[in-house]
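Below, all heavy atoms of this structure are taken into account, side chains as well, without hydrogens, waters or symmetry copies.
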Number of protein chains: 2
Amino acid sequence: MTELGRRERKKLQTRQSIAEAALRLFLDRGFDDVGVKEIADTADVSVTTLFKHFPSKEALLFDEDEEQESALVEVVRNREGRSIPMALRDHFVQAAEGHADHPQFEVFQRLVLETPALREYGHRMWTRHQDALARAIAEETGAPPDDVRCAALARFALDARDVIFDRPDRARAADEVFGLLEHGWAGDRQR
Amino acid sequence: MTELGRRERKKLQTRQSIAEAALRLFLDRGFDDVGVKEIADTADVSVTTLFKHFPSKEALLFDEDEEQESALVEVVRNREGRSIPMALRDHFVQAAEGHADHPQFEVFQRLVLETPALREYGHRMWTRHQDALARAIAEETGAPPDDVRCAALARFALDARDVIFDRPDRARAADEVFGLLEHGWAGDRQR
DNA sequence: CTCAAAAAGTGCAACCACTACACTTTTGAA
DNA sequence: TTCAAAAGTGTAGTGGTTGCACTTTTTGAG
């Protein structure tokens with residue numbers, strides 16, 4: 001256990017109150033119609049302080065990051081008999097279903113999807129995991145750590161999420177897209 | 001032939017002189033160390049005018065766009081017996097080789113690759129073609145225009161370029177990556 | 001307990017990309 | 001020749017972001 005001193009507790013607290021204020025205001029009035037100044041005021045903090053905690057306005061909405069990466073690596077490493085693409089597919093489907101519970105998350109997701117700056121930032125954060133995922137895949141298949149095919153599969157799997165999220169029936173879409181990665185384009189339909 | 005009046009010629013000329021000034025300054029001192037003001041001054045134009053010709057600072061470096069898209073569609077449509085992934089692979093390899101001649105382009109490419117803002121912008125511009133490419137693929141294979149697999153293949157092919165461009169031996173990398181799209185992950189190496 | 005140093009927070013001024021606006025100049029065509 | 005559209009200009013602003021000098025709080029060592 002990591003014992004947190006008063007200082008670090010307070011720091012975490014201000015950070016959280018900033019993030020909460022931002023989320024609330026953004027959901028209320030949209031990303032572009034809320035200024036950083038207003039967020040800082042709402043959180044009762046100076047603008048300078050806000051930027052000491054978050055590197056950009058967009059970052060106010062994307063807090064969790066390392067968990068996702070380790071989850072991805074874990075999925076690749078610990079998959080019970082399934083192929084890597086199938087394990088990843090299950091992971092994404094499961095994640096989507098897990099979020100479907102909280103209606104709060106749907107709203108958040110729509111905000112991100114409908115705000116170009118946020119969508120882009122989210123994508124950038126997401127694809128940061130490419131290298132880690134590629135290394136995990138390489139390690140798992142005995143390929144060299146910088147193998148091209150592993151890098152490609154990592155990239156494709158990461159981007160597959162975006163392709164799938166735009167579709168109404170996500171489970172079906174996931175099947176088709178990851179099926180493509182699993183069996184290849186030339187598998188069944190066309191030349 | 002499209003006859004261009006004096007007006008349109010002059011407009012094109014100022015646009016070009018802006019782009020040229022920008023390219024020269026950026027190559028000289030880097031994207032982040034050159035202000036828009038300086039570019040405008042160098043091109044002997046006001047900042048307002050600069051932004052009437054280009055929507056953003058990044059856009060100063062990415063002029064050609066529609067040609068690439070139509071080229072992609074053309075490649076899919078008019079491929080002599082090759083499968084779609086293979087046709088796209090050849091297209092990318094050929095494009096890379098074509099640029100390899102001009103050493104000027106290598107420098108430009110390094111600038112883009114090493115400047116996060118530019119790399120990102122370039123990627124965004126590039127993936128704009130996804131829909132058009134997906135539709136072309138769908139049409140070519142008789143699938144519905146919004147078929148998921150076609151959308152996925154389009155996206156993957158577009159992203160493949162980035163994966164490949166980072167590698168030293170691009171031809172070989174292209175073979176491996178597009179081979180993956182052609183035959184699928186489960187093709188030869190691992191489960 | 002004391003005190004000095006580290007860290008968190010503050011306010012201000014500035015930078016930079018970008019826009020709105022009101023304006024002048026140039027140009028194409030009737 | 002005349003007139004309206006289009007290109008260009010300068011100014012003043014907005015909004016995100018940073019640098020700086022400063023105060024306050026917290027910590028740990030003596």
**Report entry** Shortest non-hydrogen contact from A:Tyr121 toward A:Ala59
**Finding:** OH-CB, 3.3 Å
Query - Worked verdict on A:Asp175 versus A:Arg167 for salt bridge (Lys or Arg N to Asp or Glu O under 4.0 Å) - result: CA-CA 12 Å; A:Asp175 280 351; A:Arg167 303 281 158 170; over 6 Å; no
Query - Separation of atom NZ in A:Lys11 from atom C1' in C:dA6, rounded to whole Å - result: 12 Å
Query raised in the report: What integer distance in Å separates B:Lys10:NZ from C:dT26:P?
Result: 8 Å
Query raised in the report: Just to confirm, is there a sub-4.0 Å distance from OP1 or OP2 of C:dT10 to any side-chain nitrogen or oxygen of A:Ser46?
Result: yes
Report summary line: Taken to the nearest 0.5 Å, the spacing of B:Met125 CE from B:Leu61 CG works out to 12.5 Å
Requested in this report: In plain terms, say whether A:Asp28 and A:Arg24 are close enough for a salt bridge, that is, a side-chain N and a carboxylate O under 4.0 Å apart.
Outcome: no
Query - Parallel, tilted or perpendicular: ring planes of B:Phe108 versus B:Phe105, cut at 30 and 60 degrees - result: tilted
Requested in this report: Considering only NZ, NE, NH1 and NH2 on the basic side and carboxylate oxygens on the acidic side, decide whether B:Arg119 and B:Asp162 come within less than 4.0 Å.
Outcome: no
Query raised in the report: Does atom CD of A:Gln104 have more than 12 heavy-atom neighbours from other groups under 6.0 Å away?
Result: no
Query raised in the report: What are the 5'-most and 3'-most nucleotides of DNA chain D lying under 4.0 Å from any heavy atom of chain A?
Result: D:dG16 to D:dT27
Query raised in the report: Would you call B:Glu182 and B:Arg89 a salt bridge, using N to O less than 4.0 angstrom?
Result: no
Query raised in the report: Which of residues 50-59 of chain B sit near DNA chain D, with a heavy atom under 4.0 Å from it?
Result: B:Lys52, B:His53
Requested in this report: Could you tell me whether A:Val47 contacts a base, only the sugar-phosphate backbone, or nothing, with contacts defined as non-hydrogen atoms closer than 4.0 Å?
Outcome: base
Query raised in the report: Under 3.5 Å, is there an N or O donor on one side and an acceptor on the other linking the side chain of A:Thr48 and the base of C:dG9?
Result: no
Query raised in the report: Between C:dG9 atom P and A:Arg15 atom CZ, what is the distance in whole Å?
Result: 11 Å
